[in-house]
2 protein chains.
Amino acid sequence: MRKKAQINETPICQLRMQAISDAMSVLSGKWKFHILGTLIEGNKLGFMDLLREVNGIGTKMLSKELQDLEVNQLISRKVLDTKPITVEYAITENGRTLSPLIDELANWGIAYRASILNKNTND
Amino acid sequence: MRKKAQINETPICQLRMQAISDAMSVLSGKWKFHILGTLIEGNKLGFMDLLREVNGIGTKMLSKELQDLEVNQLISRKVLDTKPITVEYAITENGRTLSPLIDELANWGIAYRASILNKNTND
DNA sequence: GAAAGTAGTTCCCTTTTGGAAACTACAATA
DNA sequence: TATTGTAGTTTCCAAAAGGGAACTACTTTC
């Protein structure tokens with residue numbers, strides 16, 4: 001009867017756990033998935049476009065989340081030389097690899113909600 | 001030139017956004033994925049087993065996260081009539097549906113880390 | 001009788017997150 | 001010249017999240 005971790009001590013589990021922490025650290029926060037999802041759907045959006053698209057977000061959080069996403073190379077930011085300067089936010093190649101994950105998450109959420117509702121209906 | 005949301009106003013996007021919020025609310029926090037992953041891997045673990053398996057977690061957070069997961073029907077809790085009472089935590093059917101999502105997240109994390117390291121190496 | 005193992009809870013604290021409102025700054029428009 | 005639109009930043013605050021340490025309570029083993 002050993003009293004040490006047995007499951008998560010394996011190198012493969014360590015790697016996966018680390019990978020999950022990595023992923024969570026760049027995807028954490030209330031708005032990241034919504035912003036990324038919006039930019040995957042409609043490509044090249046301005047700051048004010050995103051502010052209108054992402055329901056409920058304010059300028060401070062939008063600005064902060066966009067900076068995070070840019071630092072982590074999931075979106076790109078391009079300042080255009082227009083009068084009122086405009087900024088073009090777009091998904092990067094790296095960011096687009098999140099598409100299956102976002103789909104998976106959305107589909108799981110839909111299925112989960114349905115399963116909970118069924119359970120309650122059958123009670 | 002309309003100044004209202006165009007992308008996320010569609011019913012399908014609304015549904016997806018809501019689903020993502022649902023999923024995030026039950027999966028939020030630093031430890032949920034680690035606990036769920038551990039319970040998917042090794043089935044039926046006690047409180048102290050989980051405390052040893054989930055690296056870095058303390059009793060307070062473990063207790064709280066397990067309660068959350070149980071309320072949301074992703075894990076089950078069964079008190080056994082043993083001397084020192086023991087408790088068996090296990091993944092539920094509902095919880096097991098997260099398996100593909102956790103895999104996706106872990107694999108994305110691995111690929112993302114590799115892509116960032118490559119980028120920096122090529123600089 | 002003391003130690004160790006079971007499974008937690010409670011208290012107190014710091015850090016992180018999120019948000020509202022006001023503000024900057026510049027240019028075109030009415 | 002006042003308003004509107006661009007893209008943010010700053011300040012101030014409240015709530016949530018996270019964690020260490022001590023504590024409960026019960027039983028078996030040393």
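All values derive from a computational prediction rather than experimental measurement.
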Q) Are OP1 or OP2 of D/dT6 and a side-chain N or O of A/Arg52 less than 4.0 angstrom apart? A) yes

Q. Measuring from A/Met24:CE to B/Lys30:NZ, what's the distance to the nearest 0.5 Å?
A. 9.5 Å

**Q.** From B/Glu41 atom CD to B/Ser99 atom OG, the distance as rounded to the nearest 0.5 Å
**A.** 8.5 Å

Q.
In this structure, how many angstroms lie between the C1' atom of C/dT9 and the CD1 atom of B/Ile85, rounded?
A. 13 Å

Q. Taking only residues two or more places apart in sequence, or in another chain, which ones meet B/Gln67 in a side-chain contact (heavy atoms from CB on, under 4.5 Å)?
A. B/Ser63

Q | Nucleotide D/dG8, atom C1' - distance to CD of A/Glu88 in whole Å | A | 17 Å

Q. How close or far is atom C1' of D/dG5 from atom CZ of A/Phe47, stated in whole angstroms?
A. 13 Å

Q) NZ of A/Lys78 versus C1' of D/dT6: gap in Å, rounded? A) 18 Å

Q. Which residues pass the side-chain contact (heavy atoms from CB on, under 4.5 Å) test with B/Leu117, sequence neighbours left out?
A. B/Arg113

Q. Which whole-number value in Å describes the distance from B/Leu80 CG to C/dT6 P?
A. 13 Å

(Q) Which residues pass the side-chain contact (heavy atoms from CB on, under 4.5 Å) test with A/Arg77, not counting sequence neighbours? (A) A/Glu70, A/Val79, A/Val87, A/Tyr89

(Q) Counting only heavy atoms from other residues, nucleotides and ligands, does the tally under 6.0 Å from CG of A/Leu80 exceed 12? (A) yes

Q) Would you say A/Ile110 and A/Ile40 are hydrophobically clustered, going by side-chain heavy atoms of ILVMFWY under 4.5 Å? A) no

Q. Okay, side chain of A/Thr92, backbone of A/Gln73: is any donor-acceptor separation there less than 3.5 Å?
A. yes

Q) Looking at DNA chain C, which of residues 63-72 of chain B put a heavy atom within less than 4.0 Å of it? A) B/Ser63, B/Gln67

(Q) Minimum heavy-atom separation for B/Asn72 and A/Ile116, please, with both atom names. (A) O-CD1, 4.3 Å

Q: Begin with the C-alpha distance, continue with both residues' side-chain angles, and end with the deciding distance and a verdict on salt bridge (Lys or Arg N to Asp or Glu O under 4.0 Å) for B/Asp49 and B/Lys44.
A: CA-CA 9 Å; B/Asp49 294 328; B/Lys44 293 189 185 177; over 6 Å; no

Q. Expressed in angstrom and rounded to an integer, what is the separation of A/Leu62 atom CG from C/dG19 atom P?
A. 12 Å

Q: May I ask you to list the residues of residues 22-40 of chain A, by number, that have any heavy atom positioned under 4.0 Å from an atom of DNA chain C?
A: A/Gly29, A/Lys30, A/Trp31

Q. Are B/Thr38 and A/Met17 close enough that some pair of their side-chain heavy atoms sits under 4.5 Å apart?
A. yes

Q: Please state how far atom CE in A/Met61 lies from atom C1' in C/dG19, giving the value in whole angstrom units.
A: 8 Å

Q) Taking OP1 and OP2 of D/dT6, is either one under 4.0 Å from a side-chain nitrogen or oxygen of A/Tyr89? A) no

Q. If the sugar-phosphate is the primed atoms plus P, OP1 and OP2 and the base is the rest, what is the B/S/- string for nucleotides 20-30 of chain C, using protein heavy atoms under 4.0 Å?
A. B------SS--

Q: To the nearest Å, give me how far apart CD1 (A/Ile57) and C1' (C/dG18) are.
A: 10 Å

